[in-house]
Each structure stands twice: as structure tokens, then as C-alpha cells.
Amino acid sequence: MQVSSLNEVKIYSLSCGKSLPEWLSDRKKRALQKKDVDVRRRIELIQDFEMPTVCTTIKVSKDGQYILATGTYKPRVRCYDTYQLSLKFERCLDSEVVTFETLSDDYSKIVFLHNDRYIEFHSQSGFYYKTRIPKFGRDFSYHYPSCDLYFVGASSEVYRLNLEQGRYLNPLQTDAAENNVCDINSVHGLFATGTIEGRVECWDPRTRGRVGVLDCALSSVTADSEINSLPTISALKFNGALTMAVGTSTGQVLLYDLRSDKPLLVKDHQYGLPIKSVHFQDSLDLILSADSRIIKMWNKNSGKIFTSLEPEHDLNDVCLYPSSGMLLTASEAPKMGIYYIPVLGPAPRWCSFLDNLTEELEENPESTVYDDYKFVTKKDLENLGLTHLIGSPFLRAYMHGFFMDIRLYHKVKLMVNPFAYEEYRKDKIRQKIEETRAQRVQLKKLPKVNKELALKLIEEEEEKQKSTWKKKVKSLPNILTDDRFKVMFENPDFQVDEESEEFRLLNPLVSKISEKRKKKLRLLEQQELHGKEEEEEPEGKPSDAESSESSDDEKDWVAEVRKQRRLLQQEEKVKRQEQLREDQQTVLKPQFYEIKAGEEFRSFKDSATKQKLMNKTLEDRLKLEAKNGTLSVSDTTVGSKQLTFTLKKSEQQKKQQEAEKLHRQERKAVRRSAGHLRSRPRRGRPFH
């Protein structure tokens, strides 16, 4: 027995598990039960509750004592007695059954509609009578007050067969080309038929006249639904005097009040499959709608999903056992499904032990059905290469992903990454070894990253612990044991580059600071060991000696910094010479350049220079600007860089400056010529 849970509603599958062949002896069956756990745990609620190949329809008699089912192959009907929990009888038929109905409270009067237009009547003893209808039938209903059978099918007419008179009556002429389903209201006797055009026509059997038409195809189309074809009516069910549920071929369920032509609620199954059957559950105000893939239970007032059930095989029919929480299904498999949902109601009287069994299972929870499945997202399917399985029975859509069999998942993952299990196993073994090592005596072990820095911190910590001098100061946390700095000794990106220019310039300063710290610690340790009395110079040295020592240290440090700087300049000079030598050795090749829209072509030299400058890195451009005088780089005493930029003049500014210069030259020439004319003496006689 499998248990699944959705929305905290437990569903017990009573028909799962292995089935044993009929020809096995009792001794072999007992041996199998001892060996196989699945056989031992299975529950055979009704003996031989299956069909040879496929079960098409399943119904319960009105008194609840008999369960009747039809299937193939060969076409047959089987009747099970629930009081005996076994098969009552089996009758083979001439053709496959489309649907059937029990006219009495038990199995004594049954009517079968075959797929070859035959209507077959069976009594308690067996076959009774057979007749035909003019067109292929798809569904029928029985009107108890008038003893009329209403047949609908591949015709616009609704055929009426009166069982009291034993003859056909005048048919009802509908406006549809074909009719798929029909139903009769048990309260006031209203007859309704669902057409292929997506309409529901309602007829009054007393006057044999049409009283109303509902256009369900137009009402089923909502903003969220995707419709590729005209919806037809595939299921129809009355509940009470005023409520009617209609199922369409595109997967919508419409709930109507007969006093209105607008649906109260439209529920979409989201699968696009025809609705097979619709049932009402009055105790919890639920509607059970089923297509070939899923059974959905939802509230008829709000439309909120109560729970859902996805069988392993495609569904053909669903039957709700009256006044109980048991659900019977006919599917494309030999076994007929039996599901028990305690929330819907108690177990039937003939299997009342199920209530005690489920209570025990709740006290001792077993593994649910989802333990055998793996939840995968669409991205996981792309990584595994299984996107082509979307829509197939191997993947069950659920929320934002899919459920797939755990065995299939492991098999595909092993094919994609054959060494995944070995890597996982090695990681687990390594973790176990590290856990056991943690219980041993810990030795001083340097990390893989920044070993020199870690060694320096460890030595400083040891020196602090060895020294007996203590001062009332706030203790600082150790970097090695602090989780905030843990990544600095694990991630290789934090490795100190000792060949970098900054480190080589700062290293003398760091080394001198560490040496001074060590000297101070040793000096304080000696003071404590010898127990000297306090003097005017508590540091143990006169101030002159200390100042001379500090000045010597500073001189050494400055000399070391200068030495490192000279080395860096020499290395940079060598690099420039090598780069120049490589540039001279390269052979120039013809290059083609593309002028962008809106730009003017001046010369090949300018465009080539500009393109070459754009291809260079920032460092090369800065060096070129420093060479041209637009950028000056200088080093400070602590190794940092100081950059000074001179803005480069644009072409427009250069033209403006040249025009101004030319204008000034012209003005000077004009002034010079005017002064020369003024200084020359006037010649000739005056004009009279």
C-alpha cells in the first residue's frame, strides 16, 4: 500500500503492489510472501479485481453491494460482491462496451451500449434482449418516471426507447450535428445533452420541448486559457435541482446555476485533455473532475484545490463510492484502482477495517510515494539531457519542476557523470577521516595559503604566551582562529605576491616593525626575569641610546627602500629595452581601417596612431603620455604613486589658437605699416 500526501491530504492506494498469477499454488504464494516484502505488504481488498487487458468503465450499484466493470480483451463484464470481497460473475460480450447503467438497485437489470450500435439488456440470469439504434451511440440516460431510455450519439436526434411499451418513440430533434453526453436531473427530470459545438441543450421530457441552451464553448475561454480548437462537451453532471457541472474537451470544468446562462466558476485542468467524468462530493462541497492524466478535487464555491491524484496509467473512468472516502478508477491497465481518502469520508461498511489500518499507519508513518521519485527542475533536465521527456509519462509536472523515477535519475546521472559516485564516496571518506583526526592531538600545521604570514602570526602568539609580562589591556582575537579572516588562508586569491612592486617597497618597513616588536618583547621579558626596580627610564635604556638606535634603524630602512627602488627601475628599464627590440623585429603588414559614420578622414597616420593607441592597455597609454609630457609619475617615500595629468588640447582648440595667432600677426603687420606711412615726409605741391 502506497501513501501520498498533497495539501496535507493523505491518499492510500490499495491496489498497488505485485499481483500473483491465478495458477500459482498456495505453497508458492506463501513462499513468495516470505521472500518478497512487496508481496507481503500488499493489500488485496477484493479478490481478482482486474481485467485481462484494459478496463473501460466502472460503476457501483445503487445499494452499494456490487461493483460492475467492463473491459477487454475479450469484451466482458465482471460483477464483484463487496460482502464476499470476491468475483460474483463474469459474462463475455460480443463487442466492446461504450457505457452501461444499472436500472435496478442490484445487478438484476443492466443495460449495455455497445460500439456497434447494439443495445443489450441483461437480467439476473444473464443475457435477456438485444436491439439496435439508427446511429452510433455515445451515451444514454434513464428517465424513471416514464421508463424512457434517451440515447445520444453521432446524430442530431436523441432516440427514445420506452421499456414499458417495448418500442421506440419519436426522437428529440436538436440543433447540433452530433451529441456527446447526456444526463437527467433526478429532482425535476430535466434532460440535458452536450453537443459537439460546445452547447448544452436542456429539454423537458413532459412536453418534449427545448427549454434552454447554454453556450459553454464561449464561456470556457478565459484570459489565461490557451484554446487551439473549438471546445466540445465531454462530460455532464447534475447535482440537486439547480447545479450543473459541464466538462469540455479542452480541459475546463464549468459550474452553472440553471437560473443563469453565465458560469459561476471555470476551472482549468491545465493539461488540455478532455474531461472524462465529473462527480459531486456534498459533505465537503467538493467537485471531483478527471481527465486521462489526473483527478482533481476542488471546492465548488471558491475553486481552490483540495487535493489531486495522478495514477500511473491513463484514466478511462472514475467512480466515487457513495457516502464514503473510497474512489474506484478504470484505467489503461489490467488492474482497477482503489483509493481511500479518509478526509472525504469513512470507509465503506464492508471494509471498515481500513479506518483502523490508516490510524496505525499514521502512528507509525511509512515512506510516502514521493520517496521513490526525484524532484528535478527544467535546468536539471537540461544538464541531464532529458528535456525531450517533458510531456511523457516519465515526468510528472509538479509546481516549478517535475517528478521522475529515482531509478531512472540515478541511471541517467551515472551515464552523464560515471565517476560521480566515486567522488562522492571519496569525499565522505575524507570527511570521516578528518572527523577522527580532530579528536587527536593537534599539531602545528600551516595553511596552504600565506604560509609565511601564518608562521609569523603563530610565532608572535607563542612569544606573547611565553612572556610573563601582562598588562591590563583588551585582548585582541587571533587572526588564525577568527572566522572573519579564515578565507585569507584558504582561498588562493588572497595569496601575498612577494614579487609585486608594492610588497618589495613595503617589505623593509614591515620587517623593521616586526624586529622592533620582537626586541621590545624580549626587553620586557628580561626586565621581568631580573626583577629590576623601577627607574627614571622604565624601558631599561636611557633615552639617548634609544633615540640613537631608532635613528640607525630609520637609516637602514631608508637605505633598503632606495635599494629596492633602484632594482625596480633597473627591471623596468630592461623590460622597455626588450619591448623595443621586439617592436623592431616585427614585420609591418598592410592593414585596412574602416571609417565610422560621422567621422572625417584626415590622414592614414592619424587614424593608424589613434587605432594603435586604442588597442594598447592603460599602462602602455600612461607610459606614452608620460613620454609626451602630458603625464608625470613620481614615487612617494612610502612606495605609493603620484600622477599629474596635463589635459590634451582638442583639434578645435588648436585651430582656434592658430587663428588667434594669425590674427595677432596680421594686426602687428597693419600697425607696422601704418607707423611707417606716418613717419615718411610729404612730397609735391599742395593741391589748390
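Quantities reported herein were computed from a predicted structural model and do not represent experimental measurements.
- A distance of 8.0 Å separates CD1 of Ile275 from OG1 of Thr250, quoted to the nearest 0.5 Å.
- Lys262 has no carboxylate O lying under 4.0 Å from a charged side-chain N of Asp257, or vice versa, which leaves the two without a salt bridge.
- Taking the six-membered ring for Trp and thresholds of 30 and 60 degrees, Phe121 and Tyr129 have ring planes inclined between 30 and 60 degrees apart.
- The residues Asp148 and Arg160 are annotated as salt-bridged, a charged nitrogen and a carboxylate oxygen being separated by less than 4.0 angstrom.
- Salt bridge Arg76/Glu90: present, at least one basic N to carboxylate O contact under 4.0 Å.
- A donor atom on one side chain and an acceptor atom on the other are found under 3.5 Å apart for Thr70 and Thr57.
- Aromatic pair His143/Phe191: ring centres not closer than 6.0 Å.
- When each of Lys296, Lys267, Met297 is checked for a side-chain contact (heavy atoms from CB on, under 4.5 Å) with Ser289, only Lys296 meets the rule.
- Sorted by first then second residue, the ring-ring contact (aromatic ring centres under 6.0 Å, His included) pairs that include residues 281-313, not counting sequence neighbours, number zero.
- Below 30°, between 30° and 60°, or above 60°: for His122 and Phe112 the angle between ring planes is above 60°, a perpendicular geometry.
- Sequence neighbours left out, the pairs with a member in residues 379-388 that pass side-chain hydrogen bond (donor to acceptor under 3.5 Å, both in side chains) are Thr377-Asp380.
- Aromatic pair Phe136/His114: centroids not less than 6.0 angstrom apart.
- Distance check: Met244 CE to Lys237 NZ gives 13.0 Å after rounding to the nearest 0.5 Å.
- Closest of all the heavy-atom pairs between Ser234 and Val181 is O-CG1, 3.4 Å.
- Closest non-hydrogen pair, Asn299 versus Asn301, comes out as OD1-N, 2.7 Å.
- Partners of Phe89 according to the ring-ring contact (aromatic ring centres under 6.0 Å, His included) rule, which considers only residues two or more places apart in sequence or in another chain, are Tyr107.
- The heavy-atom pair separating Asp317 from Ser277 by the smallest distance is OD1-CB, 4.2 Å.
- For Tyr339 and Tyr12, the distance between ring centers is not under 6.0 angstrom.
- Shown here for Cys216 and Ile233, the closest heavy-atom pair between the two residues is CB-CD1, 3.8 Å.
- The two residues Leu93 and Glu120 come nearest to each other via the heavy atoms CD2-OE2, 3.6 Å.
- For Tyr144 and Tyr142, the ring centers are positioned less than 6.0 Å apart.
- Here the rule is side-chain hydrogen bond (donor to acceptor under 3.5 Å, both in side chains) with Glu332, and of Thr56, Asn316, Thr53 only Asn316 fits it.
- For the pair Ile119 and Val111, the minimum side-chain heavy-atom distance is below 4.5 Å.
- Ion pairing between Glu50 and Arg78 fails under the 4.0 Å rule for side-chain N and carboxylate O.
- Geometrically, Arg132 engages Tyr118 in a cation-pi contact, judged by NZ or CZ lying under 6.0 Å from the ring centre and within 45° of the ring axis.
- Here the closest heavy-atom approach between residue Tyr321 and residue Gln65 is recorded as OH-N, 4.4 Å.
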